[in-house]
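See structure below.
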Amino acid sequence: MKIYNTLTRKKEEFVPIEEGRVKMYSCGPTVYNYFHIGNARPFIMFDLLRRYLEYRGYDVRFVQNFTDIDDKVIRKANEENTTYDKIAERYISEYFTDAQGLKIRPATVHPKATDNIDEIIDIVKTLVDKGYAYEADGDVYFRTKAFKEYGKLSHQPLEDLEAGARIDVREHKEDPMDFALWKAAKPDEPYWESPWGKGRPGWHIECSAMARRYLGETIDIHSGGVDLCFPHHENEIAQSECANGKPFAHYWMHNAFLNIDNQKMSKSLGNFFTVRDAAGAYGYEAIRFFMISAHYRTPLNYSRDSLEQALASLARINAALVNLRFLSKNGTDGEMSRKEKESKDAFESYKKRFCDAMDDDLNSADAVSVIFELVREVNTLCAEKDVTRKYAKEGLAIMTELCNVLAIGQTEEENMLDSEIDTLIEQRQQARKAKDFKEADRIRDELKTQGIILEDTPQGVKWSRA
RNA sequence: GGCGCCAUAGCCAAGUGGUAAGGCAUGGGUCUGCAAAACCCUGAUCCCCAGUUCAAAUCUGGGUGGCGCCUCCA
């Protein structure tokens, strides 16, 4: 598999540190609100990476943190007259609700910053001892000039960064580019005891600490949105590599931004959507499909149109799955025809093309197109009056396998049989036999209002949930 | 000012040297009690200019347009 590495700005063959195992870390949400549609992109895309790596047989250890202490969490707590941990707890729970809807699997570990204060303090202490950090009035800062490789991820020399930087007025910093590892507690703020007095961790340090604790000093893949590249990831590298004296991550992956109607999402423009809002309008499945339909490194535009198209496209895949499930039970008995055998033999080539696409820096858009070609293939054969159960089963197996890697398409459980529906379908069949089409249509309409779509086929009545 | 990304049919979106995947939408057809689904047919010389090459959407240079980071916003 090839991965585009921000560090080298090249697509590189992926070689894990330890054969067959992958250690990956992805920056998670700051839990002070529902996560927005832009946040969903890295969550979905790196969940996809993890699923694909597992599909290819890797044992993946995936860590995604929750930033549960920072200015925004504290502000929200103050607004609601509650404590930061209550806010964090609530939105962590909401994160899992949305994540589950989007079929984002829980990470191997979801550590919280506040559960790792000891580890954080330990790293900061090491950095101070080694001369990479200094204390000033209860704050501790990283001395960027001490790390000569600073800027290697964003590919900018320190001087250029400095030239563009807004000057931070904190006078006790040695250099404007220095960043906080530990912040002295302000009055009425939550704090932890540390060698530098009461305070709390800076934002960047938590990721270095949690990555080391749960994955080790050097990890395979670190991922996140492009905007985190600088300064967040640059700072993580500085902290981790100075503290551990080893490379931090071999591969850095960054997803491009999601725009809303071709503009950056922002509260002031009034185009700020949470996943919860979007799911209410189009459903979680459409959002996931929409994200996966584009390569993760190209900017993606969220619009009403895009989501409606995603919904329609997904319906085609779901229809094929429902059809295959139906025919694997209601098809004809016996051996596959020659045409069916040939088609079945071609399934491997679809699978290969699917994997080739995914191997090419997670080209999910191309992988999806392979699924659609497969849909056409099986649909064509399934349109035959004497399609065999055997063939339908084979088709269902390959379709399900590929769809499961991307976590798209309705699963069988999501379209389970229901005896009441069966009864109504039977009644309708009786009516049709008696040429009472009025009654037949009435039953079909009635079921439709309940979201059940009936289709008459040569093999019998097929139904699915809208 | 520094660094970087994007520009492909009505829309979404792959494709990084050999004359353009896939999806949505549109129109026509087949099938069907009707319907739905499905299948077949239907559409682009790839922002512009110049260059390299037998050959470029794909490489180089120059434009134009849109966007991002350099401000703890994914």
Side-chain angles (χ1 to χ4, degrees), chain A residues 6 9 26-30 35-43 45-46 67 70-72 151 154-157 159-168 177 179-180 202-204 223-232 234-235 254-259 262-267 272 289-290 293-295 297-301 303 305-317 319-320 322-323 353 357 360 363-376 378-385 432 435-438 440-441 444-445 448 453-458 462-464:
Chain A
T6 308
R9 291 193 175 163
S26 208
C27 293
T30 300
F35 66 89
H36 59 68
I37 193 75
N39 289 317
R41 194 173 191 190
F43 298 159
M45 295 318 288
F46 299 122
T67 298
D70 93 322
D71 290 341
K72 294 189 293 289
S154 44
H155 298 269
Q156 301 215 65
E159 311 82 65
D160 290 341
L161 286 169
E162 213 166 317
R166 178 185 283 187
I167 301 301
D168 191 325
M177 289 308 292
F179 56 92
W203 177 43
H204 312 295
S223 55
V226 268
D227 56 320
L228 291 185
C229 187
F230 186 89
H232 185 56
E234 196 73 71
N235 291 351
H254 293 98
N255 63 278
F257 251 70
L258 181 85
N259 293 321
N262 294 310
Q263 285 182 301
K264 183 175 172 174
M265 170 162 51
S266 76
K267 284 178 178 163
F272 188 92
F289 184 86
F290 165 68
S293 303
H295 185 86
R297 280 192 293 111
T298 61
L300 184 58
N301 190 44
S303 68
D305 246 26
S306 306
L307 268 286
E308 277 170 4
Q309 286 180 23
L311 214 46
S313 303
L314 199 49
R316 181 169 163 81
I317 289 174
V322 167
N323 197 220
R353 286 172 52 215
D360 183 15
N363 193 337
S364 54
D366 215 12
V368 168
S369 82
V370 175
I371 290 184
F372 276 109
E373 288 181 44
L374 182 60
V375 165
R376 183 183 301 278
V378 297
N379 277 347
T380 301
L381 279 264
C382 286
E384 302 283 328
K385 296 231 187 295
R432 288 181 74 209
K435 303 254 191 239
D436 184 356
F437 295 123
K438 212 173 153 189
D441 289 352
R444 186 167 62 190
D445 289 345
K448 195 176 178 184
I453 310 292
L454 297 193
E455 293 172 41
D456 300 321
T457 77
K462 182 173 65 174
W463 70 274
S464 58

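Letters A, B, ... mirror the listed sequences (proteins, then strands); counts begin at 1. Values below: every heavy atom of this structure, side chains too, minus hydrogens, waters and symmetry copies. Model, not experiment: these values are computed from the prediction.
Between A/Asp441 and A/Arg444 there is a salt bridge, since at least one side-chain N of the basic residue sits less than 4.0 Å from a carboxylate O of the acidic one.
Contact between the side-chain N/O atoms of A/Asn363 and the OP1/OP2 oxygens of B/G15 is found at a separation under 4.0 Å. Note on A/Arg376: a side-chain N or O is less than 4.0 Å away from OP1 or OP2 of B/C40.
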Could you run down nucleotides 6-11 of chain B 5' to 3' and tag each one B, S or - for protein heavy-atom contact under 4.0 Å? -----B

Going 5' to 3' through nucleotides 31-36 of chain B and flagging B where a protein heavy-atom sits under 4.0 Å of the base, S where only the sugar-phosphate is that close, and - otherwise, we get --BBBB

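Residue contacts for A/Asn379: at a heavy-atom cut-off of 4.0 Å it reaches the sugar-phosphate backbone alone, with no base atom in range. Among the atoms of the strands shown, base atoms are found under 4.0 Å from some heavy atom of A/Leu258. Residue A/Lys435 is out of contact with every strand shown, counting any heavy-atom pair closer than 4.0 Å. Among the atoms of the strands shown, only primed sugar atoms or phosphate atoms (P, OP1, OP2) are found under 4.0 Å from some heavy atom of A/His295. Across all strands, A/Phe257 comes closer than 4.0 Å to base atoms (heavy-atom distances).
If you check B/G22 for Watson-Crick or wobble pairing at under 3.5 angstrom, you find it paired to B/C12. Summarising the base pairing, B/U53 is matched to no nucleotide, lacking a Watson-Crick or G-U wobble pair whose two defining distances lie under 3.5 Å. Using the Watson-Crick or G-U wobble rule with both distances under 3.5 Å, B/C39 pairs with B/G29. In this structure, B/U58 makes no Watson-Crick or G-U wobble pair, since no nucleotide meets both defining distances under 3.5 angstrom. In this structure, B/G68 and B/C3 make a Watson-Crick or G-U wobble pair, each of the two defining distances being under 3.5 angstrom. Partner assigned to B/G17 is none, using Watson-Crick or G-U wobble distances below 3.5 angstrom.
In this structure A/Thr380 satisfies the side-chain hydrogen bond (donor to acceptor under 3.5 Å, both in side chains) test with no other residue, sequence neighbours excluded.
For the pair A/Asp366 and A/Asp360, the minimum side-chain heavy-atom distance is 4.5 Å or more. Side-chain contact between A/Ile37 and A/Phe290 is absent, with no heavy-atom pair separated by less than 4.5 Å.
A/Asp360 places its CG atom 18 Å from the P atom of B/A13, with the value rounded to the nearest Å. When rounded to the nearest whole Å, the span between CZ of A/Arg9 and P of B/U16 equals 21 Å.
In terms of heavy atoms, A/Ala357 sits closest to A/Ala367 at CB-N, 3.7 Å.
Map A/His204 and A/Ser369 each onto its nearest nucleotide of RNA chain B; the residue landing nearer the 5' end is A/Ser369.
Nearest to the side chain of A/Asn259, among B/A25, B/C67, B/C69, sits B/C67.
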